[in-house]
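In what follows, a single structure is set out as structure tokens and then discussed.
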Amino acid sequence: MQATAILQALEKDNNLRTLQNIKHDGIFIIKDNKRMLNLSSNDYLGVATDTQLKQEFFDTIDKKYLLLGSTSSRSLSGNYEVFTQLEDYIASHFNNKACLLFNSGYHLNVSCIQALSEFNNVLFVVDKLAHASIIDGLRLGGKRFMRYTHNDMESLTNILEKTHTQYDNIIIVTEGLFSMDGDLAPLQSLCAFKKQYNNVMLYLDEAHSVGVFSENGLGLANHLGYADSIDFLVYTFGKAIGSFGASMLCLPHFRDFFINKSRGFIYSTAIPPINAAWNLFIFQKLQYMQKRRDHLMHLSKILRQECLHYNIKLMGEAQILSVIVHTNENALLLANKLNNACFFAPAIKTPSVPPNTARIRISLTSNMQEEMMINLASILNMNKF
């Protein structure tokens, strides 16, 4: 009965999640017998829907990695050679980092943050809009953490000034490209704190920026030249890489630490070798995908310009853009109107976002076209709140 009451309360608040079967057709989905442009996909570079890439992969893969399950954790018998090949390839692009694979970005953040909580006298200082997996890891770790106002360096400075002499280690945790507001972390300012305070470390989640930024596709920190200054650099493969899994990039001794202390790594069966091989294949291709990255940013620019013309405020600086409509009810209403116009953009509601910031979140992919952005802006203009 208690579960039923909770579900009824969620439904009353227009916040009850349900699952629906979706048919996919490239950048479109088929729902209710209607073909709609999919604006909810994280396939930013169009990798997951690229049939030529997939055919090349299957034509060239070492057949010993055509395994759909690893059947063991990596610390037992599941450490296939392709895992090490992928880790070595990613790490080879950095001056001071080793790489460790995880099953997902959620697994990685929960278990690595929890592991880092074993440090003595440690404080985590976390951006208020950091991903739920980071917060879950902090709660499991049980150590003190404080949250600074989103991307507000004055708020962060105030915390550091009050606490830097009280802790042996202070770990600042943030994202590269934020998954809901679509803005970028001020990496120059964050890296400056490391020079100012010798006990500060940086933990950067690049889930939405890997693949999308830098000439080699290795993310925002790499693009801006700050990768060496990041102590814990997180890549997620379920978005622009078009696969699943994740990796932690850090100093070699921290890699050894996570192998021994990250429960999500120790107690999980490793991902299937075929997926590790696909991840390696795509990372090797990223350097040749600059046209896709350029087109993706061009689409973002066009949509923002069109919305500005209609006096529609869009949040976001790259491929993730949002229209704030405040209430869950408004977000559901706008999502339905977009569906009617053949655009699939589900409502993002509280508590996934802070109160009074319910929104339509628009995720662009590089295989969309300019006219789609123009049409989308026109539909948004006809359905203003």
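Start at 1 with the first residue, then count along the sequence. Hydrogens, waters and symmetry mates are skipped; everything else that's a heavy atom, side chains included, is used.
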side-chain hydrogen bond (donor to acceptor under 3.5 Å, both in side chains), that's the test. Do Asp43 and Thr365 meet it? Break it down for me. CA-CA 6 Å; Asp43 184 24; Thr365 63; over 6 Å; no
Determine, stepwise, if the pair Ile27 / Asn38 fulfils side-chain contact (heavy atoms from CB on, under 4.5 Å). CA-CA 6 Å; Ile27 60 174; Asn38 185 5; 5.8 Å; no
For His93, check ring-ring contact (aromatic ring centres under 6.0 Å, His included) against everything at least two apart and list the hits. Tyr89
Please test Ser247 against Cys99 for side-chain contact (heavy atoms from CB on, under 4.5 Å), starting from the C-alpha separation and ending with a verdict. CA-CA 6 Å; Ser247 66; Cys99 181; 3.6 Å; yes
Salt-bridged, Glu175 to Lys128, with N to O below 4.0 Å? no
Kindly write out the residues that satisfy side chain to side chain contact (heavy atoms under 4.5 Å, CB included) with Tyr197, not counting sequence neighbours, or none if the list is empty. Leu160, Glu161, His164, Phe193, Asn199, Val200
Judged by atom type as modelled, is there a donor-acceptor pair below 3.5 Å linking the side chain of Lys285 to the main-chain atoms of Leu53? no
How about Glu118: does its CD atom have over 12 heavy atoms from other parts shown lying under 6.0 Å from it? yes
Using side-chain heavy atoms (C-beta onward) and a distance below 4.5 Å, is Tyr148 in contact with Thr174? yes
Among all residues two or more places apart in sequence or in another chain, which pass the side chain to side chain contact (heavy atoms under 4.5 Å, CB included) test with Glu154? Asp152, Asn158
Can the ring centroids of Phe265 and Phe258 be said to lie less than 6.0 angstrom from one another? no
Using a 4.5 Å cut-off on heavy atoms from C-beta on, say whether the side chain of Ile320 contacts that of Leu177. yes
Can you check whether Leu45 reaches Leu286 side chain to side chain, under 4.5 Å on heavy atoms? yes
Decide yes or no on side-chain hydrogen bond (donor to acceptor under 3.5 Å, both in side chains) for Arg359 and Ser352, but give the supporting numbers first. CA-CA 10 Å; Arg359 66 195 65 187; Ser352 295; over 6 Å; no
Hey, does Asn275 have a side-chain heavy atom less than 4.5 Å from the side chain of Phe237? no
Please say yes or no: joined through hydrophobic side-chain contacts below 4.5 Å, possibly via intermediate residues, are Leu334 and Met372 part of one cluster? yes
If we only count heavy atoms from C-beta on, is the Asp136 to Ser133 side-chain gap below 4.5 Å? no
Are the side chains of Met368 and Leu39 in contact, using a 4.5 Å heavy-atom criterion? yes
Before accepting this row, confirm whether a basic side-chain N of the pair Glu215/Arg293 lies closer than 4.0 Å to the acidic partner's carboxylate O. no
Which residues pass the side chain to side chain contact (heavy atoms under 4.5 Å, CB included) test with Asp183, not counting sequence neighbours? His150, Asn151, Phe178, Asp181, Glu317
Around Asp59, counting heavy atoms of other residues, nucleotides and ligands shown, do more than 12 lie under 6.0 Å from its CG? yes
Can we say Arg292 and Asp50 salt-bridge, meaning some charged N sits less than 4.0 Å from an Asp/Glu carboxylate O? yes
When the side chains of residues 302-313 are checked against the rest of the protein, which donor-acceptor pairs come out under 3.5 Å, sequence neighbours left out?
| residue | atom | partner | partner atom | Å |
| --- | --- | --- | --- | --- |
| Arg304 | NE | Ser300 | O | 3.2 |
| Arg304 | NE | Ser300 | OG | 3.1 |
| Arg304 | NH2 | Ser300 | OG | 3.2 |

Only pairs under 3.5 Å count here: list side-chain donor-acceptor contacts from residues 137-144, not counting sequence neighbours, and write none if there are none.
| residue | atom | partner | partner atom | Å |
| --- | --- | --- | --- | --- |
| Lys143 | NZ | Ser117 | O | 2.5 |
| Lys143 | NZ | Phe119 | O | 2.8 |
| Arg144 | NH1 | Tyr167 | OH | 3.0 |

With a 4.5 Å cut-off on side-chain heavy-atom distances among I, L, V, M, F, W and Y, is there a chain of contacts connecting Trp278 to Tyr44? yes
